[in-house]
Amino acid sequence: MADPKGFLNHGREVAQSRPVDVRLKDWNEVYVPGSLLPIISKQASRCMDCGIPFCHNGCPLGNLIPEWNDYAYREDWTSASERLHATNNFPEFTGRLCPAPCESACVLGINQPAVTIKNVEVSIIDKAWETGDVAPQAPERLSGKTVAVIGSGPAGLAAAQQLTRAGHTVAVYERADRIGGLLRYGIPEFKMEKRHINRRIEQMRAEGTRFRTGIEIGRDLKATDLRKRYDAVVIAAGATTARNLPVPGRELKGVYQAMEYLPLANKVQEGDFVAPPVSAEGKHVVVIGGGDTGADCVGTAHRQGAASVTQLEIMPQPGEERNPNQPWPTFPMLYKVTSAHEEGGERVYSVSTTHFEGDEHGDVQWLHLTEVEFIDGKLTQNPGTERKIPAQLVTLAMGFTGTDRDNGLVDQFGLDLDERGNIARDADFATNVPGVYVAGDAGRGQSLIVWAIAEGRSAARGVDRFLTGVSELPAPIRPTDRSLMV
């Protein structure tokens, strides 16, 4: 184990952020480069050899957290990287983007601040890239079998890498112009610089994975034709159908889905635009939705020079301490201040939008809202609380309802759906169509990046077994597994 008294001798320290007035002038990651390494050995030493590491239960990947904490404490970075990659294909993604349910399940967290598992993870992988410990792992022999993966988000990339390393010839199809899915165009640069994706793509290319961009299965290439070309197909197309807000004025110009707004800012960073076609500059911005996507819109609007930013949430404000009905080791719903919230703006809870008001040109100018509360589980408006706030740009960040049905992929394959509208699958992640599998949000519904990678790894095992009759690939989760929540 690490230092037996580490959790007694050292308090929790996290990554140091750059000053707000500095980071708002660029799109780089908000953290001070290199600020973690000097403190991470002590932080890793806080892992307390708890006997039953509940952090494993919090993490669907089954990350070997106590083991790589010990290696990080001893500064054995090569061994730490090996243990980290044993369960996670892309720890630099999860180390930056995952909300760390492992920390919520940390035994130390019962009565002290939890171990900084996420910070230790990202320190290990960044050090591994720096020292050359991350290298392509090409298969020793090819199976002669071919697999198509639809979608290049974390689930699709994880499935593709696992299947390539198992010896199959894998092609990843992505409808966007670049590989990465929501990692590329949904996550702002200040949360994860895209160089982290680019070097993983190069690693995968060196291993033998092939990539096909600008091809939407169902529209550009029929799903049935794709199935004829390959021995197996993995659908990892995500849950990209955004939840809408059907209120009067929704059709006004200036009201966008978050995933119409965020990709344009990322395309500026990729060099596609000098300035985004939709910008918050000089405008009063309202973000509807209090989750991570909403926070991404807030941070993006700040960097574009918004006159004001207001984030609305229909639910009450969470508390700063665990609610008694969310006991350890479940993942609690807590009041979270992200880096975007540190940068300014107002957060308003327990409100619902009633309608939008525009000007004579059809541009949105005002958002009308009312305060609400839940009475006996039913949403109720409070009379007399109606008001309006300026809104010249509105982004809808209210989550997603399922995979895209408009492109024809689901119908062309003839796929069954479950009761929630996700693509149905069996215990091996197989759909009702022989040889067609599903991984990630397309089958699970909207979820976390760590679950997407776990799904991709597990689906890869099912595909490998279908192609060869047996598989030694790991399967960390079952399709029916759910987060450790109440």
Side-chain angles (χ1 to χ4, degrees), residues 57-58 60-61 99 101 149-151 153-156 158-159 181-182 186 217-218 223-224 227 232-246 257-259 289-293 314-315 325-326 330-331 333 352 374 376-379 396-463 466 475-486:
N57 298 76
L61 282 167
V149 176
I150 304 173
L182 291 185
I217 306 303
T224 48
R227 180 67 189 92
V233 175
V234 178
I235 300 173
T240 57
T241 302
R243 182 172 285 108
N244 204 0
L245 184 62
Q257 289 287 354
M259 288 310 300
D292 288 340
T293 302
I314 198 169
M315 300 298 292
N325 66 2
Q326 297 172 342
T330 61
F331 188 71
M333 303 303 294
S352 177
F374 285 87
D376 296 328
K378 188 175 182 180
L379 184 68
L396 308 180
M398 304 180 298
F400 302 89
T401 59
T403 196
D404 190 351
R405 295 290 303 276
D406 294 336
N407 59 14
L409 183 152
V410 170
D411 294 331
Q412 289 174 21
F413 270 125
L415 299 169
D416 289 342
L417 302 179
D418 64 19
E419 64 279 3
R420 301 179 66 185
N422 303 314
I423 300 174
R425 64 268 184 93
D426 65 14
D428 279 337
F429 292 81
T431 69
N432 60 295
V433 180
V436 179
Y437 291 72
V438 62
D441 291 0
R444 175 169 293 271
Q446 180 183 350
S447 190
L448 305 177
I449 181 174
V450 69
W451 280 92
I453 296 174
E455 288 245 346
R457 290 171 66 88
S458 299
R461 178 184 173 90
V463 174
F466 169 76
I477 61 170
R478 299 164 297 182
T480 53
D481 288 342
R482 290 295 180 264
S483 300
L484 193 61
M485 302 179 71
V486 290

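Numbers here simply count residues along the sequence, with the first being 1. On a predicted model such as this, the values are computed, not experimentally measured, just so you know.
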I'd like to know if the side chain of Q412 reaches the main chain of G218, judged simply by a donor and an acceptor atom lying under 3.5 Å from each other, with no hydrogens or angles considered.
yes

Could you report the tightest heavy-atom contact between A475 and R461, atom names first, then the distance?
CB-CD, 3.3 Å

Just wondering, do V233 and I217 contact through their side chains at under 4.5 Å, heavy atoms?
no

Those residues that, when tested against I477, pass side chain to side chain contact (heavy atoms under 4.5 Å, CB included) (two or more places apart):
P60, F429, R444, W451, A454, E455, S458, D481

For T240, which residues count as a side-chain hydrogen bond (donor to acceptor under 3.5 Å, both in side chains) partner, sequence neighbours excluded?
R175

With side chains defined as the heavy atoms from C-beta onward, is the minimum distance between F413 and I150 less than 4.5 Å?
yes

One pair to check against side chain to side chain contact (heavy atoms under 4.5 Å, CB included): Q257 and T293. What are the steps and the verdict?
CA-CA 11 Å; Q257 289 287 354; T293 302; over 6 Å; no

Any side-chain heavy atom of N422 sitting closer than 4.5 Å to one from V438?
no

Quick one: does any side-chain atom of D404 pair with a main-chain N or O of D406 as donor and acceptor, under 3.5 Å?
yes

Measure the OG1-CZ distance between T480 and R482 for me, rounded to the nearest 0.5 Å.
7.0 Å

Side-chain donor/acceptor of T431 to backbone N/O of V436, under 3.5 Å
yes

Within the 4.5 Å heavy-atom criterion, are V463 and V234 side-chain neighbours or not?
yes

Heavy-atom nearest pair, A427 first then P479, reads O-CD, 3.6 Å

Does the side chain to side chain contact (heavy atoms under 4.5 Å, CB included) test come out yes or no for Q326 and F331, once each step is laid out?
CA-CA 7 Å; Q326 297 172 342; F331 188 71; over 6 Å; no

For residues M398 and I314, determine if any side-chain heavy atom of one lies less than 4.5 Å from a side-chain heavy atom of the other.
no

Could you check whether any side-chain N or O of D426 sits under 3.5 Å from a backbone N or O of D428, counting only pairs where one atom can act as donor and the other as acceptor?
yes

When you measure from the side chain of D292 to the backbone N and O of P99, does any donor-acceptor pair fall under 3.5 Å?
no

Using a 4.5 Å cut-off on heavy atoms from C-beta on, say whether the side chain of T241 contacts that of T403.
no

Report yes if the side chains of R243 and F400 come closer than 4.5 Å at any heavy-atom pair, otherwise no.
no

What residues form a salt bridge (charged side-chain N to carboxylate O under 4.0 Å, His left out) with R457, not counting sequence neighbours?
none

Are the side chain of T401 and the backbone of A242 linked by a donor-acceptor contact shorter than 3.5 Å?
no

Exam field: side chain D418 to backbone R420, donor-acceptor pair closer than 3.5 Å:
yes

Shortest non-hydrogen separation from A459 to A439 and the atoms involved:
CB-CB, 3.7 Å

How long is the straight-line distance from CG of L448 back to CD1 of I453, given to the nearest 0.5 Å?
11.0 Å

Give the minimum heavy-atom separation between A452 and P154, together with the two atoms involved.
CB-CG, 3.8 Å

Got a second to check how far D416's CG is from N432's CG, nearest 0.5 Å?
3.5 Å

